[in-house]
Amino acid sequence: MATMKEENNDAIVLEEWNAFSTSNFIRTAVLVADKSGGFSIHRERGRMRDVWRKLSAAFLPEGFPNSVTSDYLPFQIWDSLQGLSTYIRCMLSTQALLSAIGVGETTATVIGATFQWFLRDFTGMLGGILFTLYQGSNLDSNAKMWRLVADLMNDLGMLMDLVSPLYPASFVIILCLGSIARSFTGVASGATRAALTQHFALQHNAADISAKEGSQETMATMIGMLLGMILAHVTAGHPAAMWSSFLLLTLFHMFANYQAVRCLCLNSLNEERTSVVLKCFITNGQGGDLI
């Protein structure tokens, strides 16, 4: 888009504007022509700044930061960091799981590995259905608690995958228990994420926030898988190094999740928050600041 105006009867100014969204226009260049026939051009933004803005448009909601709540950015930073640690550890646990199934061994059979993988997926699906049956209606009202529970169950599931090669006689049981733990993670994480997306959306832009969150998670996944492959290669054949790396990353994962949940300032009342507000109101005669 271009606009033209005359300044001080001596020069004509032609402005070039670019729009990265329907609500965000940026002046990119100014062309000034004087009556003598000369002109000068001034670029408002450098190329690297334009690239950075396009990257921001791919990962941040339209109209950011005014279109989301103030706790959106700190939560997403910690959430991306915990996701990164998860995908790094996932490569270690997957390597151990495939080793336990028998990948690379001449004594392993295709039908045996297929059956074990089928049991793993089947028990995980069944666990997800049962968890939804008993806790599905309680997830959105306790989003912060179940967000932590979901990631702790994911940690437990990956730990079982890593432990499974150490107990061949109980491998199938450990495998199924790990799958059930991760199924809880899938249900609780998805449901609480929907509740948090509604909380972040200030301009009825929940779909945009969800899409950008998907882009952020995809980027964290790619980086995590790359780093995880490097870590798995370095620690291959060194159990002490593998376990040390896994435990350190797990501790960081738990810390990042705790920090992410602490950043949230939910403005809805559940049973626990209502109890706190009423107790403060009865004691001090006021409770509005806690809502």
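Residue numbers count from 1 along this sequence.
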Under 4.5 Å between side-chain heavy atoms, hopping through other hydrophobics if needed: is there a path connecting [X] to [Y]?
{"X": "Leu60", "Y": "Phe200", "value": "yes"}
{"X": "Leu251", "Y": "Leu152", "value": "no"}
{"X": "Met254", "Y": "Tyr258", "value": "no"}

The test is side chain to side chain donor-acceptor pair (under 3.5 Å); show your working for Glu213 and Gln76 and say whether it passes.
CA-CA 8 Å; Glu213 194 273 337; Gln76 289 301 125; 4.9 Å; no
Apply side chain to side chain donor-acceptor pair (under 3.5 Å) to Glu217 and Tyr87, showing your working.
CA-CA 10 Å; Glu217 185 173 356; Tyr87 295 117; 3.1 Å; yes
Which is it for His199 and Asp71 under the side chain to side chain donor-acceptor pair (under 3.5 Å) test, yes or no, and what are the steps along the way?
CA-CA 10 Å; His199 160 70; Asp71 54 353; 2.8 Å; yes
State the CE-OG distance between Met125 and Ser183, to the nearest 0.5 angstrom.
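Going from CE on Met125 over to OG on Ser183, the span is 10.5 Å.
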Can you find a heavy atom in the side chain of [X] that is under 4.5 Å from one in the side chain of [Y]?
{"X": "Tyr72", "Y": "Pro61", "result": "yes"}
{"X": "Arg147", "Y": "Phe75", "result": "yes"}
{"X": "Ile174", "Y": "Ser164", "result": "yes"}
{"X": "Leu73", "Y": "Ile77", "result": "yes"}
{"X": "Leu84", "Y": "Ile223", "result": "yes"}
{"X": "Gln259", "Y": "Leu81", "result": "no"}
{"X": "Gln135", "Y": "Trp146", "result": "yes"}
{"X": "Arg89", "Y": "His253", "result": "yes"}

Check step by step if ring-ring contact (aromatic ring centres under 6.0 Å, His included) holds for Trp78 and Phe255.
CA-CA 9 Å; Trp78 284 112; Phe255 173 76; 5.6 Å; yes
If every non-hydrogen atom of Cys176 is compared with every non-hydrogen atom of Leu119, which pair is closest and at what distance?
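Between these two residues, the closest heavy atoms are SG-O, 3.9 Å.
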Arg193/Asp79 ion pair, N-O < 4.0 Å
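Answer for the salt bridge query: yes.
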Sequence neighbours left out, cut at 3.5 Å: what donor-acceptor pairs do the side chains of residues 225-236 make with other protein atoms?
from, atom 1, to, atom 2, distance (Å)
Thr235, OG1, Leu231, O, 2.8

